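These notes concern the structure reproduced below.
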Amino acid sequence: MLLPTVLSLFLYFPEDKSEYIPALISFSIFMIAAVFTMRFIVKYSKREAEKAKEFEEQLKNQEHPQKNS
């Protein structure tokens, strides 16, 4: 009984559709920033994975001569 009344407080659909323009602009800015941030994180992660792989191979190469001795 109270739920529809409470939920209707958060819904607002303006008659003048030009009120959507600022929301669209801010949404676009944040979406573009999110895409660039995600791409940066993926590239950085790949670089770090390559560094870790190289470091792991260095450790394996150092370990093998010690076992053979």
Side-chain angles (χ1 to χ4, degrees):
M1 183 169 70
L2 184 64
L3 190 62
T5 306
V6 172
L7 289 178
S8 67
L9 294 174
F10 300 107
L11 295 176
Y12 171 67
F13 298 102
E15 294 292 326
D16 183 18
K17 300 304 180 192
S18 66
E19 292 184 31
Y20 288 122
I21 293 172
L24 179 65
I25 292 170
S26 64
F27 174 78
S28 300
I29 290 170
F30 282 103
M31 184 57 83
I32 291 169
V35 168
F36 281 124
T37 303
M38 189 65 190
R39 290 184 68 191
F40 172 76
I41 290 171
V42 168
K43 285 182 181 181
Y44 186 78
S45 175
K46 285 181 183 178
R47 272 190 263 142
E48 289 296 313
E50 283 295 319
K51 285 181 186 178
K53 190 174 184 180
E54 289 173 7
F55 183 66
E56 182 181 341
E57 291 197 15
Q58 279 182 345
L59 289 177
K60 283 183 182 179
N61 290 337
Q62 288 177 358
E63 193 174 287
H64 286 293
Q66 292 174 357
K67 286 185 177 180
N68 292 336
S69 299

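Nothing here was measured: the structure is a model prediction, and the numbers come from that model. Starting from 1, each residue takes its place in the sequence as its number. Just so you know, these numbers use all the heavy atoms, side chains as well, and skip hydrogens, waters and symmetry mates.
Distance check, rounded to the nearest 0.5 Å: CG of N61 to CD of E56 gives 10.5 Å.
With sequence neighbours left out, the side-chain contact (heavy atoms from CB on, under 4.5 Å) criterion links F40 to no other residue. Shown here are the side-chain contact (heavy atoms from CB on, under 4.5 Å) partners of I41, two or more places apart in sequence or in another chain: T37.
Applying the salt bridge (charged side-chain N to carboxylate O under 4.0 Å, His left out) test to every pair with at least one member in residues 38-48, sequence neighbours left out, gives these pairs: E48-K51. Among residue pairs with one or both ends in residues 18-27, those qualifying as side chain to side chain donor-acceptor pair (under 3.5 Å) are Y12-E19, D16-S18; sequence neighbours excluded.
With side-chain heavy atoms closer than 4.5 Å counting as contact, directly or through intermediates, the hydrophobic cluster containing M38 also holds V42. Hydrophobic cluster membership for I21: I25, I29 (Ile, Leu, Val, Met, Phe, Trp, Tyr linked by side-chain heavy atoms under 4.5 Å, directly or transitively).
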